[in-house]
Amino acid sequence: MRLVRNVEGRHVSGRIVEVEAYIGEEDSACHASRGKTPRNHLMFGPPGYAYIYFTYGMHWMLNVVTEGEGKPAAVLLRALEPEEGIDLMRAHRSGSSDRDLAAGPARLCQALRIDGSINGTDLVSGNDLFLEWVESSGGLMPIGRTRRIGIHYAARKDREALWRFVITGSPYVSRARPGTPRRRRKNGRGGNG
DNA sequence: CAGACGATTGCCT
DNA sequence: GGCAATCGTCTGT
């Protein structure tokens with residue numbers, strides 16, 4: 001699908017080329033795994049809405065709420081292939097190469113000017129930020145799957161779940177490496193299998 | 001109320 | 001590969 005952002009009447013958009021799934025309270029990598037809180041409450045609501053949160057003191061992340069009301073789940077949008085409004089993306093991310101404009105979940109939000117002010121947006125019938133089908137002319141895109149990135153804190157079964165999905169061969173996918181711990185534990189037990 | 005830490009990035013060696 | 005940036009959120013007391 002395509003993600004479209006309306007910035008003062010102009011469309012900034014791209015094809016989604018990388019996502020991760022976070023599913024239910026049993027998924028220890030999912031924000032909902034420790035119950036409903038003020039931050040994550042949107043995940044417990046109906047599907048089709050944006051769950052946007054702030055992390056690392058500087059970055060925004062965009063999720064699409066999925067599953068039915070009462071079952072908390074969401075898809076983290078991690079990378080786009082830029083389409084419309086590339087000049088605006090460049091302006092939002094000065095210094096970035098075109099390839100890296102939206103290659104990463106925080107970069108994607110920067111490029112499309114997405115932040116907490118549009119948390120809870122209706123992504124199906126909204127106007128500020130929405131999803132639309134990509135008319136596929138060349139058949140289905142090849143989908144690859146890997147472990148999710150940056151979830152060293154999760155239980156092994158959840159670290160190992162193949163819930164990151166990418167368009168195989170796309171140069172616009174983030175170059176983070178699944179299974180590489182970003183932060184080592186004090187006792188040095190690194191690695192991920 | 002203090003303390004720990006994060007679904008990351010950019011710059012450094 | 002290492003590490004600082006930077007602050008909201010959650011936990012335990």
Side-chain angles (χ1 to χ4, degrees), chain A residues 3 16-44 47 49-67 71-80 82 89-120 123 144-166 171-193:
Chain A
L3 178 68
I16 298 167
V17 296
E18 175 181 349
V19 300
E20 284 175 357
Y22 290 86
I23 311 176
E25 300 184 81
E26 320 75 41
D27 175 6
S28 62
C30 181
H31 285 177
S33 64
R34 272 168 277 179
K36 195 177 192 175
T37 69
R39 179 177 70 159
N40 70 19
H41 77 276
L42 281 160
M43 290 181 85
F44 289 76
Y49 293 85
Y51 163 43
I52 300 170
Y53 71 92
F54 186 66
T55 192
Y56 290 103
M58 64 190 92
H59 297 306
W60 294 98
M61 304 281 150
L62 169 66
N63 296 261
V64 180
V65 175
T66 59
E67 301 291 343
K71 171 157 185 181
V75 169
L76 172 69
L77 301 193
R78 290 190 56 92
L80 303 180
M89 294 194 202
R90 292 188 185 119
H92 298 158
R93 283 187 39 74
S94 59
S96 169
S97 67
D98 282 5
R99 188 190 186 197
D100 281 346
L101 284 174
R107 291 167 170 175
L108 181 159
C109 287
Q110 243 181 17
L112 271 61
R113 208 193 286 176
I114 292 165
D115 62 28
S117 67
I118 53 171
N119 190 26
L123 295 171
R145 51 192 302 178
T146 75
R147 293 175 181 180
R148 293 172 291 179
I149 292 169
I151 55 161
H152 60 89
Y153 55 85
R156 173 181 300 225
K157 74 166 173 59
D158 299 319
R159 276 185 276 129
E160 295 182 347
L162 300 178
W163 285 352
R164 172 174 176 253
F165 301 87
V166 303
Y172 299 99
V173 165
S174 76
R175 285 177 296 290
R177 294 241 299 272
T180 302
R182 301 304 180 92
R183 169 181 249 162
R184 199 168 288 172
R185 300 201 133 184
K186 278 180 187 165
N187 62 17
R189 203 175 359 150
N192 207 345

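Residue numbers begin at 1 in each chain, while the letters A, B, ... track the order of the sequences.
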Taking a pair to mean Watson-Crick or G-U wobble geometry with both distances below 3.5 Å, dT6(C) pairs with none
In whole angstroms, the gap separating P of dT9(C) from CG of N40(A) amounts to 11 Å
Among dC10(C), dG6(B), dT8(B), the one nearest any side-chain atom of H152(A) is dG6(B)
Would you indicate what M58(A) reaches in the nucleic acid, counting non-hydrogen atoms under 4.0 angstrom: base, sugar-phosphate, or nothing? base
Between CG of N119(A) and C1' of dT9(C) the distance, given in whole Å, is 14 Å
So, the side chain of D27(A) versus the backbone of S33(A): is there a donor-acceptor pair under 3.5 Å, distance only?
-> no
Worksheet entry | dT9(B) phosphate, OP1 or OP2, under 4.0 Å from R175(A) side-chain N/O | no
*Closer than 4.0 Å, any side-chain N/O of T37(A) to the OP1 or OP2 of dC10(C)?*
yes
In whole angstroms, the gap separating P of dC7(C) from CE of M61(A) amounts to 16 Å
Winner on side-chain proximity to R107(A), out of dT9(B), dT8(B), dC10(C), is dT9(B)
Side chain N119(A), main chain I52(A), donor-acceptor under 3.5 Å: yes
Scan I151(A) against the nucleic acid and name what it touches under 4.0 Å (heavy atoms): base, sugar-phosphate only, or nothing.
-> sugar-phosphate
Taken to the nearest whole Å, CG/D115(A) to P/dC7(C) is 15 Å
Ignoring hydrogens and angles, tell me if any N or O in the side chain of E67(A) forms a donor-acceptor pair with the backbone of I23(A) under 3.5 Å. no
Item to complete: Please indicate yes or no: is the ring centre of Y22(A) less than 5.5 Å from the centre of the six-membered base ring of dA7(B), with the two planes inclined by under 30 degrees?
Response: yes
From the candidates dA7(B), dA5(C), dC7(C), the one with an atom nearest any side-chain atom of F54(A) is dC7(C)
note: Y51(A), atom OH; dA7(B), atom P; distance rounded to Å ~ 9 Å
Is the backbone of D98(A) close enough, under 3.5 Å, to the side chain of R90(A) for a donor and an acceptor to pair up by distance? no
message = dA7(B), OP1 or OP2 - any side-chain N/O from Y153(A) closer than 4.0 Å?
response = yes
H59(A) atom NE2 is separated from dG6(B) atom P, nearest whole Å, by 14 Å
Rounded to whole Å, CD1 of I114(A) lies from P of dT8(B) at a distance of 16 Å
Self-check item: Interatomic distance at P, dT6(C) relative to dA2(B), whole Å
Solution: 22 Å
### Query
Which part of the nucleic acid does A106(A) contact within heavy-atom distance under 4.0 Å: base, sugar-phosphate only, or nothing?
sugar-phosphate
Rounded to whole Å, the CZ-P distance (R39(A) to dT11(C)) equals 10 Å
For H31(A) and M43(A) the tightest heavy-atom approach is CB-SD, 4.3 Å
Are D100(A) and R175(A) close enough for a salt bridge, meaning some N to O gap below 4.0 Å?
-> yes
- Can you find a side chain N or O atom of R93(A) that sits less than 4.0 Å from OP1 or OP2 on dT9(B)? no
